[in-house]
A.B. asks: 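One structure, as structure tokens, below. Some questions next.
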Amino acid sequence: MIVGALLGCREEPEPGPFCGDGLLDSGEECDNGDFNDDTTADECRTSCRFPSCGDGVTDFGETCDDGNNVDFDGCSSSCVFEGSGTESEPNDRLDQAEALEGTERGGLSGSDRDCFRLDVQTCDVLSLELNGECADGVRVDVFDAAQNLLAVKTVGCEAVDFTDVPGPVLAGSLTVCLSAVGADVPRYELSASLSGGVDGDAADDDADGWPDVCDRCPDDDNSLEPRFPQGNGWIRPWLLYAAENAGSGCTPTGELLTGEATLAPAAGDDPFEILLSGNNAINLSSRYSGQLSAPRESLAVVYVDGDSLPESVTVSYGSDDGALLYWNGENVDTVDSCQGVRNDQFSATVTVQPGWNRLALRIRDQGGGWGYTVRLRDTEGNNLSDYALSLDPFGAWRQDQRDSDGDGVADVCD
């Protein structure tokens with residue numbers, strides 16, 4: 001009994017040193033006990049570390065501290081205010097978007113997103129210019145005043161326009177948000193321009209809120225006008241399918257899709273997606289970054305209205321890497337080399353049929369860059385642009401041919 005009583009009277013061991021005990025222990029820079037604080041300037045932090053640049057608190061000797069060590073985001077990596085013209089955190093959310101005036105500088109790291117707001121008038125079309133260091137590309141999201149997502153594009157440091165989506169837009173505001181696709185973007189410069197806007201007194205014959213000069217659905221059947229090549233004849237709307245495809249060498253191997261030479265998809269058909277590029281160069285590396293690994297291939301299809309074209313035209317294109325060019329089901333040109341894409345690298349002269357002609361391009365990527373450019377020229381080398389393009393083999397393409405409510409009117413015009 002005496003032994004049992006003694007065992008029941010053990011004393012608890014003294015606690016070892018810990019951060020917050022008010023004693024400077026091994027591995028600690030400071031320890032003020034209960035006065036350790038993560039929100040007060042110049043206090044020892046609750047991690048028992050000295051206050052430092054990047055901890056989110058503006059301490060002595062700092063003019064700002066936004067909680068990171070990124071330059072060009074309003075507060076430098078040394079916690080010095082970077083002045084006007086530089087984006088300021090936090091601006092990740094739409095309700096935090098800052099006005100985009102002139103050129104804004106910034107940087108993107110991790111899950112950071114930078115949002116900017118622009119005031120627009122009816123029928124304005126948005127164009128952006130992005131410069132800097134965009135190794136893996138930048139995702140651009142565009143929202144309307146009601147925070148509806150209007151467009152998503154993945155671009156490099158380049159110019160990009162939104163002629164196709166969302167424009168033109170109704171009066172109000174647009175919010176543009178940038179985020180890094182893969183690698184951090186240590187530095188970027190962003191500027192925006194708006195064009196094509198009209199005042200509120202412009203004629204609106206069908207009273208749908210869209211002035212006649214920019215009505216997306218002007219016809220009685222509520223179909224959209226066909227789209228045309230832009231900027232020196234470049235073809236920018238495409239139906240696109242891409243996948244990894246084994247093999248070696250630069251020439252496309254086998255068939256990416258069964259019967260690809262004569263395959264005639266329409267907008268909305270699986271497995272194709274609609275690509276509305278804002279640039280003449282279709283950058284597939286950025287579009288499929290992190291999704292597909294080389295070797296990989298793509299099949300791009302568009303329909304060309306031959307009624308406004310001469311009997312013979314030249315398809316002028318560039319490819320990175322090898323390519324197969326199809327015209328109305330015939331393989332009219334093959335590229336079996338690996339190279340970077342340049343405008344007008346290769347060409348083939350084809351015969352134009354009345355009505356819609358099918359143009360398709362298969363592009364292989366053996367590694368490195370991946371993309372293409374395409375335009376039509378006459379036999380004298382002049383760029384052609386006065387002809388319609390479609391993403392439907394049987395007629396002028398409407399931007400959204402779905403009819404979700406079955407009322408006979410395309411969703412985009414409903």
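On a predicted model such as this, the values are computed, not experimentally measured, just so you know.
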A.B. asks: Can you confirm whether the thiol sulfurs of C338 and C250 sit closer than 2.5 Å?
C.D. replies: yes
A.B. asks: Might you point out which heavy atoms bring A348 and L325 nearest each other, and give the distance in Å?
C.D. replies: CB-CD2, 3.9 Å
A.B. asks: Going from CG on D344 to OG1 on T373, what distance comes out if it is rounded to the nearest 0.5 angstrom?
C.D. replies: 6.5 Å
A.B. asks: Go through the steps to decide whether W370 and L292 satisfy the test side chain to side chain contact (heavy atoms under 4.5 Å, CB included), and finish with yes or no.
C.D. replies: CA-CA 11 Å; W370 186 26; L292 302 174; 4.3 Å; yes
A.B. asks: Drop me the distance from D269's CG to I274's CD1, to the nearest 0.5 angstrom.
C.D. replies: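 So the gap between those two atoms works out to 10.0 Å.
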A.B. asks: I'd like to check the side chain to side chain donor-acceptor pair (under 3.5 Å) partners of S385; sequence neighbours left out, ordered by chain and number.
C.D. replies: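 For S385 there are no side chain to side chain donor-acceptor pair (under 3.5 Å) partners, ignoring immediate neighbours.
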A.B. asks: Hey, what do you get for OG1 (T175) to CD (Q96), rounding to the nearest 0.5 Å?
C.D. replies: 11.5 Å
A.B. asks: Go through the side-chain N and O atoms of N280 and N343 and say whether any donor and acceptor fall under 3.5 Å apart.
C.D. replies: yes
A.B. asks: Could you grab the distance from atom CG of N91 to atom CZ of R113, nearest 0.5 Å is fine?
C.D. replies: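 It comes to 9.5 Å.
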A.B. asks: Do R117 side-chain atoms and A145 backbone N/O form a donor-acceptor pair below 3.5 Å?
C.D. replies: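 Not at all, since once roles are kept as given, no pair shorter than 3.5 Å links the two residues.
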A.B. asks: Run the numbers on I363 and D320 for side chain to side chain contact (heavy atoms under 4.5 Å, CB included), then give the verdict.
C.D. replies: CA-CA 7 Å; I363 301 293; D320 182 350; 5.8 Å; no
A.B. asks: Any heavy-atom pair between the side chains of L190 and L100 that's under 4.5 Å?
C.D. replies: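 Sidechains of L190 and L100: in contact.
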A.B. asks: Compare all side-chain heavy atoms of L130 with those of L178 and state whether any distance is below 4.5 angstrom.
C.D. replies: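 They are in side-chain contact.
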A.B. asks: What's the verdict on side chain to side chain contact (heavy atoms under 4.5 Å, CB included) for R93 and C177, showing C-alpha distance, side-chain angles and the deciding distance?
C.D. replies: CA-CA 9 Å; R93 303 197 312 264; C177 295; over 6 Å; no
A.B. asks: Looking at C44 and C30, is the distance between their SG atoms under 2.5 Å?
C.D. replies: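 Yes, the SG atoms sit under 2.5 Å apart.
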A.B. asks: Just by modelled atom types, is the G259 backbone N or O under 3.5 Å from a matching donor or acceptor in the E255 side chain?
C.D. replies: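 Judged by distance alone, yes, a pair lies under 3.5 Å.
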A.B. asks: How far apart are the closest heavy atoms of D31 and G22, and which atoms are they?
C.D. replies: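 Reported closest heavy-atom pair: OD1-N, 3.1 Å.
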A.B. asks: For F346 and Y317, take the angle between the two ring planes, folded into 0 to 90°, and tell me which bin it lands in: parallel under 30, tilted 30 to 60, perpendicular over 60.
C.D. replies: tilted
A.B. asks: Do S316 and S347 have a side chain donor and acceptor closer than 3.5 Å?
C.D. replies: no
A.B. asks: Heavy-atom distance under 4.5 Å between the side chains of V57 and T40, does that happen here?
C.D. replies: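 Result no, sub-4.5 Å side-chain heavy-atom pair not found.
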A.B. asks: Distance check, rounded to the nearest 0.5 Å: D37 atom CG versus D42 atom CG?
C.D. replies: 11.0 Å
A.B. asks: Between the side chain of E297 and the main-chain N/O of T253, is any donor-acceptor distance below 3.5 Å?
C.D. replies: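 Such a contact is found between E297 side chain and T253 backbone.
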A.B. asks: Answer yes or no: are there more than 12 heavy-atom neighbours, outside Q291 itself, under 6.0 Å from its atom CD?
C.D. replies: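 Enclosed: over 12 neighbouring heavy atoms sit under 6.0 Å from CD of Q291.
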A.B. asks: Within the structure provided, determine whether L359 and W327 are in side-chain contact (heavy-atom separation under 4.5 Å).
C.D. replies: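 They are in side-chain contact.
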A.B. asks: Mind listing the closest non-hydrogen atom pair of N36 and C19 along with its distance?
C.D. replies: ND2-SG, 4.3 Å
A.B. asks: Would you confirm whether D65, through its side chain, and G54, through its main-chain N or O, come within 3.5 Å as a donor-acceptor pair?
C.D. replies: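 Yes.
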A.B. asks: Using 4.0 Å as the upper bound for N to carboxylate O, is an ion pair formed by R364 and D321?
C.D. replies: no
A.B. asks: I'd like to know if the side chain of N383 pairs up with that of R377 as donor and acceptor (distance under 3.5 Å, no hydrogens or angles considered).
C.D. replies: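 Side-chain D/A pair, N383 to R377: present.
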A.B. asks: Check whether E29 reaches the backbone of S47 with its side chain - one donor and one acceptor, N or O, closer than 3.5 Å.
C.D. replies: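 No; judged by distance alone, with no hydrogens or angles, the pair does not exist.
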A.B. asks: Answer yes or no: is there a side-chain heavy-atom contact under 4.5 Å between T154 and V138?
C.D. replies: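 In short, these two side chains do not touch, never coming nearer than 4.5 Å.
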A.B. asks: State, with a plain yes or no, whether a side-chain heavy atom of Q121 is found less than 4.5 Å away from one of L194.
C.D. replies: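 The answer is no, as the side chains (C-beta and beyond) never meet within the 4.5 Å cut-off.
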A.B. asks: Identify the heavy atoms of P393 and A264 that sit nearest to each other, and give their distance.
C.D. replies: CG-O, 3.8 Å
A.B. asks: Just so I know, are the side chains of W356 and D392 near enough to count as touching, which here means a heavy-atom distance under 4.5 Å?
C.D. replies: no
A.B. asks: Kindly compute the distance separating CZ (R362) from CD (E260), expressed to the nearest 0.5 Å.
C.D. replies: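 Taking CZ in R362 and CD in E260, the distance rounds to 4.0 Å.
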A.B. asks: Which pair of non-hydrogen atoms, one from L275 and one from L240, has the smallest distance, and what is that distance?
C.D. replies: CD2-CD2, 4.0 Å
A.B. asks: Test side chain to side chain contact (heavy atoms under 4.5 Å, CB included) on F272 and L257; report intermediate values, then the result.
C.D. replies: CA-CA 11 Å; F272 287 88; L257 290 172; 3.6 Å; yes
A.B. asks: When you measure from the side chain of E158 to the backbone of G156, do you find a donor-acceptor pair of N or O atoms at a distance under 3.5 Å?
C.D. replies: yes
A.B. asks: Are any side-chain N or O atoms of N382 and backbone N or O atoms of D378, one a donor and one an acceptor, separated by less than 3.5 Å?
C.D. replies: no
A.B. asks: Mind listing the closest non-hydrogen atom pair of G368 and S285 along with its distance?
C.D. replies: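 Shortest heavy-atom contact: O-OG, 3.8 Å.
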A.B. asks: Counting only heavy atoms not in F18 (residues, nucleotides, ligands), do more than 12 fall under 6.0 Å from its CZ?
C.D. replies: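 Counting neighbours around CZ of F18, more than 12 heavy atoms of other residues, nucleotides or ligands fall under 6.0 Å, so yes.
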A.B. asks: Would you mind reporting whether S286 and V155 have side-chain heavy atoms less than 4.5 Å apart?
C.D. replies: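 No. Closest side-chain heavy atoms not under 4.5 Å.
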A.B. asks: Among residues two or more places apart or on two chains, list those pairs meeting salt bridge (charged side-chain N to carboxylate O under 4.0 Å, His left out) that have a residue in residues 43-57.
C.D. replies: R45-D55, R45-D59
A.B. asks: Okay, side chain of D307, backbone of G355: is any donor-acceptor separation there less than 3.5 Å?
C.D. replies: yes
A.B. asks: Just checking, is any N or O donor in the side chain of D386 or S308 under 3.5 Å from an acceptor N or O on the other one?
C.D. replies: no
